[in-house]
Structure formats: structure tokens, C-alpha cells
Amino acid sequence: MLDPVYTVLSLIIIVPLALFLGVIYSFLIRKLSARFQWRVGPMFRMYSDLKPLLGTTRLLQPLYDILKLYGKETIVPDVSRRRLFVYSPYLSLIFAVTAILFIPFPGMPLLSGVPYSLIIASYLLIASTLFSILGPVASGSPWAAIGARREVELFLVSELGFVLSIFAVAIARQSLVIWDIANGGQSIYLALLTVAAGVLMLVAMLGKLHIKPFDMPEAEAEIVAGPYTEYSGKLLGTYYLTKVFILYGLVALFISLFLPPLATSVLWLPLYLLAALVLVFLLTAVQVLNPRYRIKNAINWYLKVVIPLGILNLIIALAIWLVV
Amino acid sequence: MGIIDKSRIYSPWLYHLHCGGCNGCDIETLAALAPRFDVERFGIQLVPSPRHADILLTTGCVPKQFIPMVKRIYEQVPEPKVVVAVGSCACGGSLFYDDAPDNYAILGHPDLLIPVDVYVPGCAPKPEAVINGVVQGILKLAEKRTKK
Ligand code: SF4
């Protein structure tokens, strides 16, 4: 933080790095769910006779999807509110990229040391989701409208879990600065809170990332492609890019809040990556083991799980603050 | 070849347009996408909206009621796009189609409405044949772009 040149440099480096890691995480989600379903999934090493045509590896498959979408024609429907429809994906992307600048990476504190960075980061993540709802609503398609409505409902309950878990940690560690939380030590009580709040955050992440029991905004069996039905070409690619950044951002936020020293020094990098892999594995396991809820059941489930767990978290956090 | 042209070959997305077949071809097409043949190995994905697709995969011969939908779905697929017709019905009308006496319900193969790039004959074609057809479609997709 003391060296402005280093901060500026790391701010420039983190964007491609986050893109790369986000692409790897989403590749892993696809590959692992394919393996769980007895499929091969995108290939690590292509068959040798197909290499000249199809490339050597598909590690960057999600990135290829996005690049391909950028090379396609973009259709804007006549009935849409043109300006909102076209600008929402870009605004969503900008907010997601700005959010990751406030989340530390091993060796790069970035902007996570500024006052209230925890609140800034969570607001930016919410703003990104907001624009991924507004754009589809402006598209004028009934499928997109249904998808967006489901997304709003899901967002309200999953956000509750998200906020309760991050603020329990903030109360226990008495700080709203991500860098301070990420630098904090560990004790037996804090470890207890980490488990309780980590579970809550994981549950909230399921809703935010549309992992399987909560993927009804994009339920392709019922509502075509949900919010993204009318999007094509560059605009759709921008939304996919946003998703990649948000996946990276949530994983990074999880590690820096709940597994404290891992996101601080470069020496922790291997453990950081290991933790990220475990987290992605957990998300994938939930994704493949569950069918889709109806929106009503999902909200009930969230309320039943998140409110007691959140209150428990707050009690633990207050106890740590007052007693320990 | 630029990186975008390459990624076009690496990630073709399919939209499956069923227009009035007997469902045989659809089952074979879905078998090609299911675990045994698993085309996701090569980045091929089935997408739910025609606006996301690169390859339009049609099966069956078009009933007259279906004419406007076929045209409209074709127009909704963004350029560059390729149409792959799967099955004898989609290639030439097969047993439903007979030009001499006009059929009251069936128009015929989709080629009468939209430009088809690849034909996969067979009633129904095997999943291997469907995959081969899609691969020919991908090659045409790459060609279409480099010509422009
Ligand atoms: S080609 Fe054969 S299997 Fe396919 S739709 Fe026509 S009749 Fe059915």
C-alpha cells in the first residue's frame, strides 16, 4: 500500500490475471461436472490426429466461447429499450472488474486497504448483478422478463446470506477493511466463526453464481435461456465475461475473508490456489448432485437455512467481540 | 487465422430446430450430445436460444404451418451461421414428401425455405454421422469468415 507505483502496477496486472483464473475456474466447473456425469468434457489434451484442426488443449474453453461471441453479429431487438439493452452488459462488466480491484490476491493488496473496502466490494458486486437484471428486462422478451424476475427473487434471499456472513466476520474482527481482515490471525473461536460463516457464504454463492439447485433464472427447460434469451454477439459475450469475473471475485473474497492469512503474502500462493480449487470442487459437487428447485421452494429453503445460520453467526461474532 | 476465427472453430454452439420429423433424427442428435459421444469434448454445446447459436441443426420436413417459424428462427441466428440438415426428411423430403400430388400438410425439405449448407442423409443417421455433419458445418463456418 505504501508504494503507489506497485499498487498501480498490480491494479493493471490483476485484470488479466483475474480473467485467466476465472476462466480456469469455469473450465474446472465444466470439466468436473462432465466427469461426474460420466462424460469427458472439454479436453485437457486433444487427440493427436485432431490437433492441427482443433488445437492442443481446451483449458481456455470458456475464453474461446467469449472470443467467438465477440466475433459474431449483434442483434438488437426492435421492441427493446435500446440504450438500456446495449449499455447494461458493459456497466455490469465495469462493476464486476472494479469489484475485483478491492479484493486482495496473494502478494497484491490492490485497493483492499482503503477504508470500508468490504462494503465497497460488496456494493460493486451487487451493482453488477443489478445491471445483469436491468438489461434483460429492457429486452422486451417475456422469457427474459420471467428469468429476470426469478433472478430478483433469488438475489434478495441469497444476498441476505451474503451480507449476514460477511458482517459476522467484520464484527468479530472489528474491521470493515478487507486487507485488515485478511491479515488477521487465527484463534479457535475465529476458526469456529470461519466454519459457520463460510458455510453461509457458500450457500449464498450458490445463488449468486446460479449453481444447480438455484439455477432457475437460466432454466433452459422452461424459459429458453432466461435473462439472456434476446442477447447475442458482443453483448452476450460481455455478460459471459462478467460471469467469469464474478466467479473469480467471489472465490477471492471467500478466501480473503474466511481463510485469513492466505490472501496476503506471495508465499501463500500455492495454498491460495489449493483453497480455490477445493471451493470450485465443492460448488461443482453441489451442482451435479442436485436437481433444480422451483423458485418458491428455493426461497423457503434459503429462509429456513440462512436466517438461523445467520443469527447463529451474529451471536458467535458478538461473543467473540465482547468476550474474547 | 486470427484468434477469433480460431475460437469460432473451437466453440460452435448448436441450436436444434425440430420441424416436423418423426422424432427419430432428434433422438439420434441428442444421443450425439449425450455422455457416450459427448461432443462437449470439442466445445460443441446445445444452446436454448437461436440468438446464441452458430449452427442451426434442422430435422424433419417442414409442415406448412411451420413455414414462418423456420424462416424467423433462421433470421434470428446471428452471422456467420451454418445450417446442417439431419436426416433424409431434411435432405429431400423422404417418405412424407411427394411432389406430384401436392401434400395438403407438408411443404417439404427445409432447403425450400432457407439455405442449407450440409446434408446428413440417413433415416435416421447415426450419431457418428451427425457429428461428422456438424464438423463439416464447422469447416464451412471457418471458410465463410475467411472469405469476407
Ligand atoms: S429421416 Fe427418418 S428418422 Fe429422420 S425424421 Fe425423417 S422419417 Fe424420422
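Residue numbers start from 1 in every chain, and the chains themselves are labelled A, B, ... in the order their sequence lines are given, proteins ahead of strands. Just so it is clear, the structure is predicted and the values come from calculations on it, not from any experiment.
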J.: Could you tell me whether the side chain of B/Gln45 reaches within less than 4.5 Å of the side chain of A/Arg30, counting heavy atoms only?
T.: yes
J.: I want to check a possible cation-pi pair here: A/Lys72 against B/Trp13, using under 6.0 Å from ring centre and within 45° of the ring axis as the test.
T.: no
J.: Where on A/Gln61 is there a heavy atom nearer than 4.5 Å to chain B: the side chain, the backbone, both, or neither?
T.: side chain
J.: Checking heavy atoms, do the side chain of B/Leu139, its backbone, both or neither come under 4.5 Å from chain A?
T.: side chain
J.: Examine whether an atom of A/Leu236 lies under 4.5 Å from a heavy atom of chain B, and if so say whether it belongs to the side chain, the backbone or both; otherwise answer neither.
T.: side chain
J.: Can you confirm whether A/Tyr90 is buried at OH, in the sense that more than 12 heavy atoms of other residues, nucleotides or ligands lie under 6.0 Å from that atom?
T.: yes
J.: What's the shortest heavy-atom distance between A/Gln37 and B/Pro35, and which atoms?
T.: O-CG, 4.0 Å
J.: Find the distance between CZ (B/Arg8) and CG (A/Leu69) and round it off to the nearest 0.5 Å.
T.: 10.0 Å
J.: Heavy-atom count check: over 12 atoms from other residues, nucleotides or ligands less than 6.0 Å from A/Tyr70 OH?
T.: yes
J.: Check each atom of A/Phe44 against the heavy atoms of chain B and say whether the ones under 4.5 Å are side chain, backbone, both or neither.
T.: neither
J.: Which heavy atom of B/Pro78 sits nearest a heavy atom of A/Ser232, and at what distance?
T.: CG-CB, 4.2 Å
J.: Checking heavy atoms, do the side chain of B/Gln76, its backbone, both or neither come under 4.5 Å from chain A?
T.: backbone
J.: Quick one: OG on A/Ser141 to CZ on B/Arg51, what's the gap to the nearest 0.5 Å?
T.: 8.0 Å
J.: Answer yes or no: are there more than 12 heavy-atom neighbours, outside A/Phe281 itself, under 6.0 Å from its atom CZ?
T.: no
J.: Hey, does the side chain of B/Asp38 reach the backbone of A/Arg39 with a donor-acceptor pair shorter than 3.5 angstrom?
T.: no
J.: In terms of heavy-atom contacts, does CD of A/Glu73 have more than 12 from other residues, nucleotides or ligands at under 6.0 Å?
T.: yes
J.: Near A/Arg149 CZ, under 6.0 Å, is it more than 12 heavy atoms from other residues, nucleotides or ligands?
T.: no
J.: Distance from B/Ser11 atom OG to A/Leu63 atom CG, nearest 0.5 Å?
T.: 10.0 Å
J.: More than 12 heavy atoms of other residues, nucleotides or ligands under 6.0 Å from NZ of B/Lys71: yes or no?
T.: no
J.: Taking atom CE of A/Met43 and atom CD of B/Glu40, what is their separation to the nearest 0.5 Å?
T.: 12.0 Å
